[in-house]
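This report concerns only the one structure given below.
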Amino acid sequence: MNITLRVWRQRSSGDEGRMVTYQVEDVSADMSFLEMLDVLNEKLTLAGEEPVAFDHDCREGICGACGVVIDGVAHGPETTTTCQLHMRSFNDGDTITVEPWRAKAFPVVKDLVVDRGAFDRIIQAGGYISAPTGSAPDAHAMPVPKGDADRAFDAATCIGCGACVAACPNASGMLFTAAKVTHLGAVPQGQPEREARVVQMLNQHDEEEFGGCTNIGECAAVCPKGIPLDTISQLNRDLLGSLATGSAE
Amino acid sequence: MAELYIEGDPIRDEKAPAGPIQERWDNRRFSAKLVNPANRRKLSVIIVGTGLAGASAAATLGEAGYEVKSFCYQDSPRRAHSIAAQGGINAAKNYRNDGDSVHRLFYDTVKGGDFRSRESNVYRLSQVSVEIIDQCVAQGVPFAREYGGLLDNRSFGGVQVSRTFYARGQTGQQLLIGAYQALERQVAAGTVEMNTRHEMLELIVVDGRARGIIARDMVTGEIETHFADAVVLSSGGYGNVFYLSTNAMGCNVTASWRAHRKGALFANPCYTQIHPTCIPVSGDYQSKLTLMSESLRNDGRIWVPKEGGDARDPREIPDDERDYYLERRYPAFGNLVPRDIASRAAKNVCDEGRGVGPGGLGVYLDFADAIKRMGRPAVEAKYGNLFDMYQRITGENPYEVPMRIYPAVHYTMGGVWVDYDLQSSIPGLFVTGEANFSDHGANRLGASALMQGLADGYFVLPNTINDYLADGPFEKLDENTPEAKEAAEAVRERIDTLLSINGERTVDSFHKELGQLMWDYCGMERSEEGLRKALERIRELRTEFWRNVRVLGSNDELNQALEKAGRVADFFELAELMCIDALHRRESCGGHFRAESQTEDGEALRDDGNFGYVAAWQFSGTGRPPVLRKEDLTYEYVEMKQRSYK
């Protein structure tokens, strides 16, 4: 296949970006989208032009490092990570537009690379169970109903890629935050900090200048791990509970 | 072979405890010096890498009150490659009442490692395994549960008990997220300073002790000097020397290699685990290989057509024209033989011309029988995400057509040499997880890498590093310390050189060529002739690299080509050492199969009399023959015998 790419190029967060058009020939349908970008970068390097910077690492859909907006959709036309998107999803002669995640909370570092440090800071605010390393109770001491464990697991599969933020018209990070709140709130070990957790994480979410959630649902629609929208309802329930008891400062 | 290396003095594990094996870890913990809580905050530790070993160590040492500085090259510690481990983590809980025990896990691991690991270390690993599961459950890791609310288990290659704990096919992710959350909790508490998008490029050694690192801020290009009382490398394995591997694209050997050049011994570099169940290569643009969890071998059956060149649709090949070669050759273990055995068996049937798929480099992993037996919903529940992943990558539906798999480079058992305390041959430099030469011997069994990473980080290192730190704090250093200045200068020079060559070949083109050489000659099967050929070509290629590589851009911004170039430069030097190590070891052992050393029926033939040692290599200059220092291995508790899974 021959593909025309329109790629966002931006030297650094302080510089102005622009779209640049490139041609990539001999694209195989079995290539991943990132392998197609590799081919482009080899070509650019040989031509003396700096390769396009993009984040990626495991290339098997689990580390959450990759992520670009393809033709206006976070991670492109299939519901998966960019590294697991293959060129068989496109046609010969297509023009594809590639841009970085766009959100105030995710400043551009270079080209398609953005800074998602805000997500780490939301976790720092309370996205954990305080369990110092040492002698913990035997793992069987506290049974967890299978349904709860599965619910926790489903929410815990969030890879923190940021597609939810990029897809949201408000650039809200609510699906990410809700996934963690739901995961930890579904297991008995997470109960003691449950009410404080949701408030602290939300405060940090807002401080990072993510937008508010207005239940549009674009986040869940693009989520490569299928984190369900009802995690946000769960977060809201936890928040109401927390405010009602006044247990969170 | 004398021209390739020099034999030096033997080396010993000075910290190796004596006495009954069950008591050694207790004794070591008791004899290790402690540091009182008020003094801990005056002591500092640098930890490079935030995978299972690094994040768990940083969280635990931070919690203990030390001043910790943590570094990772990714944009967030949550992305370390431990996250990609699929299958599970072993623990000797005996929740199944199937005869498991600490001793059996120990026995399986020593035997599985082909008698090239230390008994003391492996016993400790098995003991600690029990605590890891408790710790992770306390952190909220959502392991698979049964309807009664208790933890579920499954079994993995190389063992006959169900001792593997798992979280669907994403166990590594869930364990890492647990460690990452514990780490971020310490960042918030101010005990850990997290430096993301930072890469360690030099080790600072002062008065014979590791005292800090030179790191490059990958966004600004700034070359930073960081000091500490001890340095811990938890920087993972070096499988990417093969270019195509199951490792993340950024995995590299640089931190370990830079330490090796500063005097840390590098042990058993040629031991590379080849994983038997990867999706086969599809084309020369391919950037990595994707693993299908080994757990698939619990229910999937592996076969090839009996006749070579059988191009029929696999569903039309009747049962009696199929060769279920693992079940045939290894009836006791069948499809669950250890990774090295399964990989080599796949290579053999493909070499015989019976491989399937493009290029004949593939074998079938067939779930038709499992779907008949369990029903499709049960198969979906157990392996659904893996099947989806396979379909996404290959465009084929594995519920309908058997999957195709082929072995690929996965995990490296070699690494920086450490003693029982996980301390390298440089005092103050500790190495954990895949970065050390590890507890896995010449072969790693499934579900044991996650166990080692967390054992080292949560339980072993935090108990042994005190013994070293109790002598601190060490003399305060600043950027004018000559050793630090020198190290920073060396990094700057190296970067300037790479940016100024402006040759005609890209970094990736060199890396791909190096990787192909390593796969062809230092991969699943090695021979004297092949290794010598590879060594010669690697040296030529290394020389060409430094004359002809093209790295564009500058050092004062994010420059991914520059990052890759530095890593590939180190891979070249490592590749030479791997070939020398493979050459000198004229035996077949675990992940190392020497064509010259096999039994009559083609199984690996170990030579304990001549090679029952760890090969620890000392650096003596680029292109100069390294020094081989042998650490003898003795077995008191497991009888050293030829491994058999028949």
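Below, chains carry the letters A, B, ... as their sequence lines are ordered, and counting in each starts from 1. These numbers were taken from a predicted model, which means no experiment stands behind them.
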(request) Step by step, work out the side-chain contact (heavy atoms from CB on, under 4.5 Å) result for A:R59 and B:S287. (result) CA-CA 9 Å; A:R59 294 205 178 185; B:S287 57; 2.8 Å; yes
(message) In the structure I gave you, are the side-chain heavy atoms of A:D138 and B:K93 within less than 4.5 Å of one another anywhere?
(response) yes
(request) Please determine if B:R79 and A:D55 form a salt bridge, counting it only when a charged side-chain N lies under 4.0 Å from a carboxylate O. (result) no
(request) Indicate whether any N or O donor in one side chain lies under 3.5 Å from an N or O acceptor in the other, for A:D30 and B:S282. (result) no
(message) I want to check something: taking the side chain as every heavy atom from C-beta on, are A:K225 and B:Q173 in contact at a cut-off of under 4.5 Å?
(response) no
(message) With a 4.5 angstrom heavy-atom cut-off, is it the side chain or the backbone of B:L289 that approaches chain A, or both, or neither?
(response) backbone
(request) Using non-hydrogen atoms and a 4.5 Å limit, figure out which bit of A:L46 sits close to chain B: side chain, backbone, both or neither. (result) both
(request) Mind ranking A:S130, A:S28, A:G126 by heavy-atom pairs under 4.5 Å with chain B and telling me who comes out on top? (result) A:S130
(message) For chain A, which candidate among B:G148, B:G283, B:G395 shows the most heavy-atom pairs at distances under 4.5 Å?
(response) B:G395
(message) Using a 4.5 angstrom heavy-atom cutoff, name the option from B:L183, B:T290, B:T60 with the most pairs to chain A.
(response) B:T60
(message) Contact between B:R392 and A:L85 at the side-chain level, heavy atoms closer than 4.5 Å - yes or no?
(response) no
(request) Hey, could you give me the CD1/NE2 distance between B:I393 and A:H86, rounded to the nearest 0.5 Å? (result) 5.5 Å
(request) Report the C-alpha distance between A:E50 and B:Q560 in whole Å, list the side-chain angles of each, state the deciding distance to 0.1 Å, and finish with yes or no for side-chain contact (heavy atoms from CB on, under 4.5 Å). (result) CA-CA 10 Å; A:E50 264 197 67; B:Q560 293 171 328; over 6 Å; no
(message) Using heavy-atom distances under 4.5 Å, tell me whether A:T157 contacts chain B through its side chain, its backbone, both, or neither.
(response) both
(message) Heavy-atom pairs under 4.5 Å with chain A - which of B:Q74, B:M389, B:Q170, B:E131 has more of them than the others?
(response) B:Q170
(message) Looking at chain B, which one of A:P132, A:P145, A:A149, A:G190 has the largest number of heavy-atom pairs inside 4.5 Å, strictly under?
(response) A:P132
(request) Check the surroundings of atom CD in A:E49: do more than 12 heavy atoms from other residues, nucleotides or ligands lie under 6.0 Å from it? (result) yes
(request) Please flag which part of B:F165 lies under 4.5 Å from any non-hydrogen atom of chain A: side chain, backbone, both or neither. (result) neither
(message) Contact between B:Q181 and A:I129 at the side-chain level, heavy atoms closer than 4.5 Å - yes or no?
(response) no
(message) Less than 4.5 Å to any heavy atom of chain B: does that hold for the side chain of A:V144, its backbone, both, or neither?
(response) both
(request) Kindly say whether A:A156 contributes a backbone atom to a donor-acceptor pair with the side chain of B:Q174 at under 3.5 angstrom? (result) yes
(message) Within the 4.5 Å heavy-atom criterion, are B:R185 and A:Q124 side-chain neighbours or not?
(response) no
(message) One thing to verify: whether B:D75 and A:R116 come together as a salt bridge, which I'm taking to mean a side-chain N less than 4.0 angstrom from a carboxylate O.
(response) yes
(message) With a 4.5 Å cut-off on side-chain heavy atoms, are B:H81 and A:C63 touching?
(response) no
(message) Heavy-atom cut-off 4.5 Å, strictly under: side chain, backbone, both or neither for A:M36 against chain B?
(response) neither
(message) With rounding to the nearest 0.5 angstrom, report the OG to CZ distance, B:S554 to A:R11.
(response) 6.0 Å
(message) Taking side chain as everything from C-beta outward and backbone as N, CA, C, O, which of these in A:E35 sits under 4.5 Å from a heavy atom of chain B? Side chain, backbone, both or neither.
(response) side chain
(request) Look at A:E78, A:Q84, A:R151, A:M142 and state which one has the largest set of heavy-atom pairs under 4.5 Å with chain B. (result) A:Q84
(message) Show, in sequence, the C-alpha distance, side-chain angles and deciding distance for A:K180 and B:I177, and conclude whether the side-chain contact (heavy atoms from CB on, under 4.5 Å) test is met.
(response) CA-CA 10 Å; A:K180 191 46 59 188; B:I177 294 295; 3.6 Å; yes
(request) For residues A:G48 and B:L552, report the shortest heavy-atom separation together with the two atoms involved. (result) C-CD1, 3.7 Å
(request) Measure A:L34 against the heavy atoms of chain B and call it side chain, backbone, both or neither at under 4.5 Å. (result) neither
(request) Give the member of A:R88, A:R121, A:Q189 that has the highest number of heavy-atom pairs under 4.5 Å with chain B. (result) A:R88
(request) Compare all side-chain heavy atoms of A:V113 with those of B:R197 and state whether any distance is below 4.5 angstrom. (result) yes
(request) Apply side-chain contact (heavy atoms from CB on, under 4.5 Å) to the pair B:Y285 and A:V27, showing each step before the final yes or no. (result) CA-CA 9 Å; B:Y285 49 81; A:V27 173; over 6 Å; no
(message) Please give me the minimum heavy-atom distance between B:Y180 and A:F119, naming the atom from each residue.
(response) OH-O, 4.3 Å
(request) Drop me the distance from B:L558's CG to A:S13's OG, to the nearest 0.5 angstrom. (result) 11.0 Å
(message) For the interface with chain A, which of B:E63, B:R78, B:Q186 has the highest count of heavy-atom pairs at distances below 4.5 Å?
(response) B:R78
(request) Give, for atom OG1 of A:T133 and atom CG of B:D134, the distance between the pair rounded to the nearest 0.5 Å. (result) 12.5 Å
(request) Could you walk me through whether B:R550 and A:T45 pass the side chain to side chain donor-acceptor pair (under 3.5 Å) test, one step at a time? (result) CA-CA 8 Å; B:R550 173 178 291 189; A:T45 304; over 6 Å; no
(message) Counting heavy-atom pairs under 4.5 Å with chain B, which one of A:D57, A:I62, A:V187 comes out on top?
(response) A:D57
(message) Using heavy-atom distances under 4.5 Å, tell me whether B:L150 contacts chain A through its side chain, its backbone, both, or neither.
(response) both
(request) Can you tell which part of A:S135 gets under 4.5 Å to a heavy atom of chain B, answering side chain, backbone, both or neither? (result) neither
(message) Given 3.5 Å as the limit, does a donor-acceptor pair link the side chain of A:H56 with the main chain of B:M249, or not?
(response) no
(request) Give, as side chain, backbone, both or neither, the part of B:T394 having an atom under 4.5 angstrom from any heavy atom of chain A. (result) backbone
(message) I need the A:M31 CE to B:Q286 CD distance, nearest 0.5 Å.
(response) 10.5 Å
(request) Could you tell me whether the side chain of B:P142 reaches within less than 4.5 Å of the side chain of A:H183, counting heavy atoms only? (result) yes
(request) Would you give the length of the straight line joining atom NZ of A:K146 to atom CZ of B:R145, rounded to the nearest 0.5 angstrom? (result) 11.0 Å
(request) Output the option from B:N559, B:L291, B:D508, B:D152 having the highest count of non-hydrogen pairs under 4.5 Å with chain A. (result) B:D508
(request) For each of A:A155, A:G134, A:P188, A:S12, tally heavy-atom pairs with chain B at distances under 4.5 Å, and name the one with the top tally. (result) A:G134
(request) Among the options B:Q139, B:E146, B:R168, pick out the one with the most heavy-atom pairs lying under 4.5 Å from chain A. (result) B:R168
(message) I'd like to know whether CG of B:D284 has more than 12 heavy-atom contacts from other residues, nucleotides or ligands below 6.0 angstrom.
(response) no
